[in-house]
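Note sheet for the following structure.
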Amino acid sequence: MKKIVVVEDDLFMREELKDIFTKAGFATNCVTDFNRTIEEIVKEEADLVLLDLQLPGRNGFEICQELKRYYTVPILVLTSKDQLKDELHALELGADEYLTKPCPSSRLLARVENLLKRFAGREGMLDGEGFLFDYRTFTVYVNGTASLLTEKEGRILQELLINKGEIVAKEVLFQALWGTTEFIDENALQVTMTRLRKSLDKIGLRERIETIRGIGYRLNI
C-alpha cells in the first residue's frame with residue numbers, strides 16, 4: 001500500500017484530504033509538528049508528499065527545496081496561491097505537480113496516481129547526484145548497477161546524504177552507528193569510514209567523502 005504524507009496546517013482541509021486518500025486505498029499520515037516537517041516526512045518513508053505552501057514557521061517553498069536536496073519522493077503542491085509566479089517558483093525548487101484549491105478529488109487522485117507511476121522504483125531512495133542510495137537495503141545504484149554496502153557503511157552514507165554538502169560531526173555519526181556518543185572509540189568510526197570509501201571507490205565514486213579534520217566528514221556534490 002502506497003503511503004501519502006499530508007503537510008497541511010488547516011485541520012478541516014487536512015482531515016478532508018486524509019479521508020479522500022484513505023477511501024482511495026492509500027495509507028495516509030499527516031504532519032502536525034511543523035517545526036520538524038522534514039524529519040517527520042523522512043520518518044514516515046512517504047511514497048508521495050502533498051504539500052501546502054502557506055504553513056506556520058517555514059513555508060512550503062523552503063520545505064520543498066530542502067526535501068528535494070536529498071530525497072527522491074514526489075511532491076505535489078496543493079495550495080490556495082494561484083499566481084503563476086508561485087507555481088513557477090515551486091516547480092523550480094523541485095515540486096513535481098502544482099494544483100490550486102479548491103480542487104476536485106478526482107483531479108487530485110489522478111495527479112497522485114500519475115506521479116506514483118512516474119516515480120515507480122525510486123521509493124526509499126536518496127539522491128547523491130551521480131548515484132542513488134536505497135537506505136532501506138543499503139544499496140548504491142550507479143548507472144543501473146547495484147552495489148550492496150554493509151549496514152554500518154550504509155548508516156554513514158545515509159547521514160552524509162541527508163546533509164550532503166554540509167559537515168556532519170563525528171558525534172552525529174556515533175549516534176547513527178551506535179545510538180550513543182559516549183565511550184565510543186573514534187578508531188572504530190575511522191575503520192568503518194575507510195571501508196565505505198573503498199566501497200565507493202570500487203563503483204566509480206572516488207573521493208566523494210571529505211575529511212574535515214577534528215570535526216567530521218562531508219559528502220561533496
Side-chain angles (χ1 to χ4, degrees), residues 2-10 13-14 17-18 20-21 26 28-104 107-135 141 157-168 208 218-221:
K2 297 294 185 181
K3 180 185 288 186
I4 296 176
V5 171
V6 175
V7 185
E8 166 66 64
D9 65 317
D10 182 272
M13 176 62 70
R14 189 164 66 227
L17 289 168
K18 183 175 182 179
I20 289 170
F21 291 132
F26 295 104
T28 311
N29 287 350
C30 300
V31 171
T32 55
D33 182 354
F34 297 102
N35 294 316
R36 302 184 68 257
T37 303
I38 297 291
E39 292 87 341
E40 290 295 314
I41 292 171
V42 173
K43 182 184 72 175
E44 293 293 343
E45 299 186 2
D47 294 297
L48 182 143
V49 175
L50 188 139
L51 177 66
D52 188 17
L53 293 178
Q54 296 172 297
L55 298 168
R58 303 178 66 189
N59 64 47
F61 291 118
E62 295 173 332
I63 292 168
C64 180
Q65 183 179 38
E66 181 173 345
L67 192 60
K68 281 294 185 174
R69 285 185 61 229
Y70 60 86
Y71 200 44
T72 59
V73 65
I75 297 175
L76 190 157
V77 169
L78 180 65
T79 179
S80 58
K81 296 173 77 67
D82 60 359
Q83 297 294 314
L84 178 60
K85 63 180 179 62
D86 293 318
E87 178 176 355
L88 293 177
H89 187 43
L91 295 173
E92 287 170 356
L93 295 177
D96 301 287
E97 274 284 8
Y98 192 101
L99 293 173
T100 56
K101 305 171 186 175
C103 177
R107 177 179 295 172
L108 176 61
L109 289 172
R111 298 295 178 87
V112 166
E113 292 284 4
N114 183 55
L115 277 180
L116 290 173
K117 288 177 182 177
R118 282 167 50 192
F119 279 75
R122 287 192 277 170
E123 300 90 345
M125 297 286 190
L126 295 175
D127 186 356
E129 300 190 23
F131 69 94
L132 293 175
F133 176 62
D134 187 335
Y135 58 83
Y141 295 89
L157 185 57
Q158 181 177 357
E159 288 297 329
L160 293 175
L161 275 166
I162 290 174
N163 299 280
K164 65 183 179 183
E166 300 176 0
I167 299 172
V168 179
R208 290 295 298 270
R218 174 167 55 204
L219 182 71
N220 291 320
I221 56 177

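Numbers for residues simply follow the sequence, beginning at 1. Keep in mind it's a predicted model, so treat the numbers as computed, not measured. What you see below is based on every heavy atom in this structure, not just the backbone, and it leaves out hydrogens, waters and symmetry mates.
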Nearest heavy-atom neighbours spanning Glu8 and Phe34: O-CZ, 3.6 Å
When you compare the side chain of Val168 with that of Arg218, does any pair of heavy atoms fall below 4.5 Å? no
Measure across Leu108 and Cys103 and return the closest heavy-atom pair with its distance rounded to 0.1 Å. N-SG, 4.0 Å
Output all residues satisfying side-chain hydrogen bond (donor to acceptor under 3.5 Å, both in side chains) with Glu44, sequence neighbours left out; order by chain, then residue number. Lys3, Asn29
Sorted by chain and residue number, the side-chain hydrogen bond (donor to acceptor under 3.5 Å, both in side chains) partners of Arg14 (sequence neighbours excluded) come out as none
Hey, could you give me the CD/OH distance between Glu87 and Tyr98, rounded to the nearest 0.5 Å? 6.5 Å
Close side-chain approach of Leu50 to Leu17, heavy-atom, < 4.5 Å: yes
Just how far is it from atom CG of Leu219 to atom CG of Leu161, taken to the nearest 0.5 Å? 5.5 Å
Side chain to side chain donor-acceptor pair (under 3.5 Å) partners of residues 48-64, not counting sequence neighbours, each pair once: Gln54-Ser80, Arg58-Glu66
Just do the salt bridge (charged side-chain N to carboxylate O under 4.0 Å, His left out) check on Glu129 and Lys164 with the steps written out, would you? CA-CA 10 Å; Glu129 300 190 23; Lys164 65 183 179 183; 3.4 Å; yes
Between CG of Leu93 and CG of Leu91, what distance do you get to the nearest 0.5 Å? 9.0 Å
Between Leu132 and Asp127 the two heavy atoms that sit nearest each other are CD2-CA, 3.9 Å
With a 4.0 Å cut-off on N to O distance, would you call Glu92 and Lys85 a salt bridge? no
Would you say the side-chain atoms of Asp96 pair up with the backbone N or O of Ile75, donor to acceptor, closer than 3.5 Å? yes
Are Leu67 and Ile38 close enough that some pair of their side-chain heavy atoms sits under 4.5 Å apart? yes
Is a side-chain N or O of Asn163 found less than 3.5 angstrom from the main chain of Glu166, in a donor-acceptor match? no
Which residues share a side-chain hydrogen bond (donor to acceptor under 3.5 Å, both in side chains) with Glu40, sequence neighbours left out: Arg36, Lys43
Any side-chain heavy atom of Leu99 sitting closer than 4.5 Å to one from Leu76? yes
Output all residues satisfying side-chain hydrogen bond (donor to acceptor under 3.5 Å, both in side chains) with Arg111, sequence neighbours left out; order by chain, then residue number. Glu97
Spacing of Leu84 atom CG and Leu88 atom CG [to the nearest 0.5 Å]: 4.0 Å
Shortest non-hydrogen contact from Ala95 toward Val77: CB-CG2, 3.8 Å
Could you please spell out the steps behind the side-chain contact (heavy atoms from CB on, under 4.5 Å) verdict for Leu48 and Phe26? CA-CA 10 Å; Leu48 182 143; Phe26 295 104; over 6 Å; no
I'd like to check Thr100 versus Lys81 (side-chain heavy atoms, cut-off strictly below 4.5 Å). Are they in contact? no
For the student: nearest non-hydrogen atoms of Cys64 and Ala90, plus distance: SG-O, 4.2 Å
Can you tell me how far apart CG (Leu157) and OH (Tyr135) are? Round to the nearest 0.5 Å. 13.0 Å
CG of Leu115 to CG of Asp47: how many Å apart, nearest 0.5 Å? 12.0 Å
List the atom of Val7, the atom of Val49, and the distance in Å for their closest heavy-atom pair. CG2-CG1, 4.0 Å
What residues, two or more places apart in sequence or in another chain, satisfy ring-ring contact (aromatic ring centres under 6.0 Å, His included) together with Phe61? His89
